[in-house]
Structure formats: C-alpha cells, structure tokens
**Student:** 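Below are the structure tokens for one structure; questions will follow.
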Amino acid sequence: MNQRAKDLLISGARELGIEITKEQAQRLDQFAEELKKWNKKINLTAITDDDGIALKHLVDSLSLLKVVRGPGKMLDIGSGGGFPCIPVQVVAPDLEVVSVDAVVKKISFQKQAVRLLNLANFTALHVRAETLAASYPETFHWIVSRAFSDLPSFVTMALPLMRTDGRIVAMKGRNAAEEVEEAAETLERLGVLVERIEKFNLPGSDEARALIVMRKNV
Ligand SMILES: C[S@@+](CC[C@H](N)C(=O)[O-])C[C@H]1O[C@@H](n2cnc3c(N)ncnc32)[C@H](O)[C@@H]1O
C-alpha cells in the first residue's frame with residue numbers, strides 16, 4: 001500500500017483503541033499486496049484502492065477487537081478474502097482461528113496468505129458452515145461474521161458450534177438495530193440474548209458500524 005494508506009491503517013486502528021506494532025502493520029501491508037495481486041485473477045473484493053483496503057477492509061476487520069479477546073478459539077463464517085479473520089489473527093496471535101468459506105478459490109487465497117504471513121494459529125477450511133457442527137461441536141469461544149447473512153441464519157448456524165459461555169458477534173452497518181428487532185422472535189426461540197451492541201463510525205468516514213454481541217440465555 002502507499003504510505004498514506006499505511007498511515008491510515010495505523011491511525012484508524014488507534015482511533016478504535018487498537019494499537020498495532022510496526023511489525024504487525026508491515027504484515028498487514030504484505031497481506032494487502034497479496035490481496036491486490038490475487039484479485040487480478042480471482043474476484044476477492046470490489047475494493048481495490050489502497051485507502052479503501054486500509055480502512056474498509058483492514059481497520060474495519062480490526063474493529064472486531066473492540067469486543068473479541070484472546071486467548072480462545074474464534075470461528076469466522078463466510079470469510080471470503082480473509083475478512084475479518086486474517087487482520088484479526090495478525091494483531092491477536094493468541095486467538096486460535098478457524099476460517100470457513102464455501103468457495104474453494106477464496107480458501108486457496110487464505111492458505112497462501114497464511115503461509116506468507118507465517119500465521120501459526122490459523123486454519124482455513126473449504127466447507128459450508130452448515131456442515132461444521134459434526135467436527136466442531138460446542139468448540140468456539142467466539143463466532144464472527146462480516147457481510148455474511150441475516151442474523152437468524154447466522155445465529156442458527158453458529159449456535160451448535162459455540163461453547164456455552166461463548167459469544168456470537170455479527171459485524172453490521174447502520175441498520176443493526178432494525179436487524180436485531182426483526183430477528184427478535186427467532187433469537188428468543190433459539191434461546192439467544194443480545195448482550196450489547198457496540199456502535200462506532202468507521203475511522204476516516206461517516207459510515208456507521210455496529211458489533212452485535214450475542215450469548216446463550218443460560
Ligand atoms: C459477501 S462475502 C463476505 C466475505 C468477507 N466476510 C468480507 O467481509 O469481506 C460472503 C462470503 O460468504 C461465503 N458463504 C456464503 N454462504 C456460505 C456458507 N453456507 N458457508 C460458508 N461460506 C459461505 C461466500 O462464499 C462469500 O465468500
């Protein structure tokens with residue numbers, strides 16, 4: 001990325017309360033360069049400019065660290081080009097991350113990025129999330145997604161995979177409150193409570209963001 005985008009990455013993360021080291025910033029830049037390279041051959045993202053990648057992909061992904069903390073196991077469902085899971089893993093290496101996507105090319109890209117960045121605690125799986133429960137029952141402390149699906153579908157898929165004391169975190173935009181309202185009946189039926197909604201603006205823009213944090217009602 002150009003110098004301005006690298007600066008935006010560091011200042012944007014700082015604005016969210018997330019300090020990244022020089023070494024982490026370098027690895028996130030390496031990841032961005034690999035994304036741009038692969039994106040010429042396979043469709044990973046519509047955002048191709050450096051500033052956009054820095055803010056809308058990297059900083060936006062890192063915003064998850066406002067609520068997710070290591071150590072623990074985190075599952076990212078429908079992670080596509082590795083968002084939010086790869087930036088999060090770079091900055092929080094104590095999380096044990098499993099990333100799943102239904103499209104094999106996207107997982108091939110993630111595997112290459114994992115090799116390049118030497119991410120020792122990261123597993124990328126080409127699998128549909130609906131089929132995961134047999135191999136990962138009640139496994140994860142955190143189950144997250146960005147731009148994946150509506151809340152009821154995401155929570156229905158996530159629940160059998162989550163530990164009793166785990167959290168489901170949906171990364172959403174300005175319509176988060178409406179989405180929660182629309183999902184209220186399903187969430188109640190599934191025995192899931194919205195614990196809190198962390199609202200903020202994506203740094204460097206006036207775009208609203210929200211992290212919807214949910215847990216089992218036990
Ligand atoms: C809009 S993309 C979002 C990608 C990434 N999370 C991001 O924010 O850039 C949604 C992704 O979900 C994946 N997906 C859709 N249904 C899925 C399923 N049932 N299991 C796993 N992945 C799925 C798609 O292949 C796609 O890569």
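Whatever order the structure lists ligands and atoms in, that order sets their numbers, starting from 1.
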**Student:** Measure the distance from atom 25 (O) of ligand 1 to every protein heavy atom, then report the residue, atom name and distance (to 0.1 Å) of the closest one.
**Tutor:** Asp101 OD1, 2.6 Å
**Student:** Taking the side chain as everything from C-beta on, heavy atoms only, tell me whether Thr139 gets closer than 4.5 Å to Pro137.
**Tutor:**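 Side chain of Thr139 against side chain of Pro137, heavy atoms only: contact under 4.5 Å found.
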**Student:** Please verify the inter-ring angle class for Phe148 with Phe154; under 30° counts as parallel, over 60° as perpendicular, anything in between as tilted.
**Tutor:** perpendicular
**Student:** Number the atoms of ligand 1 from 1 as they appear, then name those within less than 4.0 Å of a heavy atom of Val103, with their elements.
**Tutor:**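 Reading through ligand 1 atom by atom, the close ones are 25 (O).
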**Student:** So do the side chains of Ile10 and Ile20 get within less than 4.5 Å of each other, counting heavy atoms only?
**Tutor:** yes
**Student:** Please state which protein non-hydrogen atom is closest to atom 5 (C) of ligand 1 and give its distance, to 0.1 Å?
**Tutor:** Phe83 O, 3.3 Å
**Student:** Is the shortest N/O to N/O distance between Ile77 and ligand 1 below 3.5 Å?
**Tutor:**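 Not met; the criterion fails.
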**Student:** I need the single residue from Lys106, Lys111, Gln110 that forms a side chain to side chain donor-acceptor pair (under 3.5 Å) with Ser99. Which is it?
**Tutor:** Gln110
**Student:** Which protein heavy atom lies closest to atom 1 (C) of ligand 1, and at what distance to 0.1 Å?
**Tutor:** Ala147 O, 3.2 Å
**Student:** Could you tell me whether Arg189 and Glu185 make a salt bridge, using a distance below 4.0 angstrom between a side-chain N and a carboxylate O?
**Tutor:** no
**Student:** Measuring only between side-chain heavy atoms, which start at C-beta, is Leu187 closer than 4.5 Å to Val155?
**Tutor:** yes
**Student:** Which atoms of ligand 1 sit under 4.0 Å from any heavy atom of Val127?
**Tutor:**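 Atoms satisfying the 4.0 Å criterion: 21 (C).
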**Student:** Using heavy atoms and a threshold below 4.0 Å, how should the contact between Ser149 and ligand 1 be classified: side chain, backbone, both, or neither?
**Tutor:**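 Ser149 to ligand 1: no contact under 4.0 Å from either part.
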**Student:** Taking N or O atoms only and a 3.5 Å limit, does Arg128 qualify as a polar contact for ligand 1?
**Tutor:** yes
**Student:** Show me which atoms of ligand 1 lie under 4.0 Å from any heavy atom of Gly80.
**Tutor:**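 It comes down to these atoms of ligand 1: 4 (C), 27 (O).
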**Student:** Counting each atom of ligand 1 from 1 as listed, which ones have a heavy atom of Lys106 under 4.0 Å away?
**Tutor:** 26 (C), 27 (O)
**Student:** Are Leu64 and Met74 side-chain neighbours, meaning at least one heavy-atom pair lies under 4.5 Å?
**Tutor:**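 In contact.
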**Student:** Does Gly81 come within less than 4.0 Å of ligand 1, judged by its heavy atoms?
**Tutor:** no
**Student:** Do the non-hydrogen side-chain atoms of Met214 and Leu151 ever get within less than 4.5 Å of each other?
**Tutor:**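 SC-SC contact between Met214 and Leu151 confirmed.
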**Student:** Where is the nearest protein heavy atom to atom 4 (C) of ligand 1: which residue, which atom, and how far?
**Tutor:** Gly78 O, 3.3 Å
**Student:** Identify the closest protein heavy atom to atom 19 (N) of ligand 1: which residue and atom is it, and at what distance?
**Tutor:**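 Result: Glu130 OE1, 2.9 Å.
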**Student:** Any heavy-atom pair between the side chains of Phe140 and Val98 that's under 4.5 Å?
**Tutor:**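 In contact.
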**Student:** Would you mind checking which non-hydrogen protein atom is closest to atom 20 (N) of ligand 1, with the distance to 0.1 Å?
**Tutor:** Ala129 N, 2.9 Å
**Student:** Please check whether Ala102 reaches ligand 1 - meaning an N/O of the residue sits under 3.5 Å from an N/O of the ligand, judged on distance alone.
**Tutor:**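 In this structure, Ala102 places an N or O atom under 3.5 Å from an N or O of ligand 1.
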**Student:** Measure the shortest side-chain to side-chain distance between Glu19 and Arg14 over non-hydrogen atoms and say whether it is less than 4.5 angstrom.
**Tutor:** yes
**Student:** Give me the residue, atom name and distance of the protein heavy atom closest to atom 14 (N) of ligand 1.
**Tutor:**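 Result: Phe148 CE1, 3.8 Å.
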**Student:** Is any side-chain heavy atom of Val67 less than 4.5 Å from a side-chain heavy atom of Arg167?
**Tutor:** no
**Student:** Atom 8 (O) of ligand 1: which protein heavy atom is closest, and how many Å away?
**Tutor:** Arg146 NE, 2.6 Å
